[in-house]
Structure formats: C-alpha cells, structure tokens
Amino acid sequence: MDVNIAPLRAWDDFFPGSDRFARPDFRDISKWNNRVVSNLLYYQTNYLVVAAMMISVVGFLSPFNMILGGIVVVLVFTGFVWAAHNKDILRRMKKQYPTAFVMVVMLASYFLISLFGGVMVFVFGITFPLLLMFIHASLRLRNLKNKLENKMEEIGLKRTPMGIVLDALEQQEEAITKFTDYISKMKE
C-alpha cells in the first residue's frame, strides 16, 4: 500500500480570521461528522505538527510516562479495532458512534495509565492534542481545495496516515469504499 504524507497547509489557511470558523449544526450530526472527517484529512500534517510540539514539551518533562502513555494508547486502539473487526456488535457501534468508540478507547487507556501513575502526562500529552484537533476540525469551515483533496483521498487516488486511521474507524462512505475496492481489484 502506497502511503503519501499530506502537505503542510499554510498557517494562515489553518488559522484564518474568524470568518472561516463557524459553530457546527449540532442537530445534523452527519454533516458535522463530514466536516470533522474532511478537516482531519485536509489539515492532518498541521495537526501532526501541533500535536508533536505538545507531545515534545510533555515528553521532555516526563519522557518515560510519555512513551508509556503512547504505547498504551496505541495498543488499546489496536485491540479495540481488532475486536471491532471480529465482533459484529462492536463493528456496528464503531460505525454508528465513532466518537463513543474513541471515548471508550481513551477511557480504557486512561484507566491503564492511571495504574502506572502517568495520568497528567496522559491528559496533557495525549488527550489535550486530540481535543484541540477535534475542536479545530469541528469549527473550521471547508473550502473548495479541501473538498477536492478529500475526494481524491476517498476514491483511493491518495492514501494518507489520517485516511488509514479514519478507515480503521470506518469513517469513509460505503459507496466510496466499494468503488475503491473495485479499483484495487482492477489494478491486481
């Protein structure tokens, strides 16, 4: 599988004036989810840079706990994705309630990390960057370039790390996924 790193978007596009931010429509969850997924794909490298800066600061202050927290979160996420892939009830929950699924992963990670005493590292080094990404992705309005890049990602012309994570969370449209599978079979 050929994975491409998305380009770093201009910071004035990432943090433009208040005219490019708006409160999401909380009554239309699918539209809000579409905005979040779209922005996560489009600004993924910017999110990675911001998260890396925050993780670096926390990691500098407590390197062992930061590494331990990262390993725990990755293992718990992988375990939950594997379980959801093998159990129908978990697969439906992950598909219908992706935010709840991520919250369960984070709560399980929090519980495991609290056994080792690294709760503050978990909160500031892992949870806070994820929260900032979610808030930005929820509030940032999409532009035409954003929509075009995301369509290329959805039909499989480009594969990015965020696209792989969103696929693991089953946050791609089913029709697009079927089309992508068809193209993959044609290539083989």
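Residues take their numbers from the sequence shown, with the count starting at 1.
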From [X] atom [atom1] to [Y] atom [atom2], the distance as rounded to the nearest 0.5 Å:
X: Arg92; Y: Lys87; atom1: CZ; atom2: NZ; value: 12.5 Å
X: Leu68; Y: Leu112; atom1: CG; atom2: CG; value: 9.5 Å
X: Phe128; Y: Met54; atom1: CZ; atom2: CE; value: 4.5 Å

Less than 4.5 Å apart, any side-chain heavy atom of Val50 and any of Pro129?
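No; the side chains remain at least 4.5 Å from each other.
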
Side chain to side chain, Phe77 and Val81, heavy atoms closer than 4.5 Å:
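They are in contact (side-chain heavy atoms under 4.5 Å apart), so the answer is yes.
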
Which heavy atom of [X] sits nearest to which heavy atom of [Y], and what is that distance?
X: Arg23; Y: Arg35; result: C-NH1, 4.1 Å
X: Ser138; Y: Val36; result: OG-CG2, 3.5 Å
X: Tyr47; Y: His136; result: OH-ND1, 2.7 Å
X: Leu8; Y: Val49; result: CD1-CG2, 3.9 Å
X: Ala137; Y: Asn39; result: O-ND2, 2.9 Å
X: Gly69; Y: Ile113; result: CA-CD1, 3.6 Å

Linking I/L/V/M/F/W/Y whenever any side-chain heavy atoms sit under 4.5 Å apart, do [X] and [Y] land together?
X: Leu48; Y: Leu130; value: no
X: Met66; Y: Leu61; value: no
X: Phe60; Y: Ile67; value: no
X: Leu90; Y: Met106; value: no
X: Phe124; Y: Leu132; value: yes

For Met103, all residues meeting side-chain contact (heavy atoms from CB on, under 4.5 Å), sequence neighbours excluded:
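For Met103, the residues satisfying side-chain contact (heavy atoms from CB on, under 4.5 Å) (neighbours in sequence not counted) are Thr99.
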
Is Arg140 positioned over the aromatic face of Tyr43, cation under 6.0 angstrom from the ring centre and no more than 45 degrees off axis?
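Judged by the rule (NZ or CZ under 6.0 Å from the ring centre, within 45° of its axis), Arg140 is not positioned above Tyr43.
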
Could you check Ile71, Thr78, Val72 and say which one makes a side-chain contact (heavy atoms from CB on, under 4.5 Å) with Leu75?
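The option that passes is Ile71.
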
By side-chain hydrogen bond (donor to acceptor under 3.5 Å, both in side chains), which residues pair with Asn46, not counting sequence neighbours?
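None.
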
More than 12 non-hydrogen atoms from neighbouring residues, nucleotides or ligands closer than 6.0 Å to CZ on Phe134, yes or no?
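Yes, the 6.0 Å shell around CZ holds more than 12 heavy atoms from other groups.
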
Can you establish whether the number of heavy atoms outside Leu115 located under 6.0 Å from its atom CG is more than 12?
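Yes, CG of Leu115 has more than 12 neighbouring heavy atoms, counting only those of other groups under 6.0 Å.
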
Residues that Arg27 engages under salt bridge (charged side-chain N to carboxylate O under 4.0 Å, His left out), provided they are two or more places apart
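Arg27 satisfies salt bridge (charged side-chain N to carboxylate O under 4.0 Å, His left out) with Asp25 only.
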
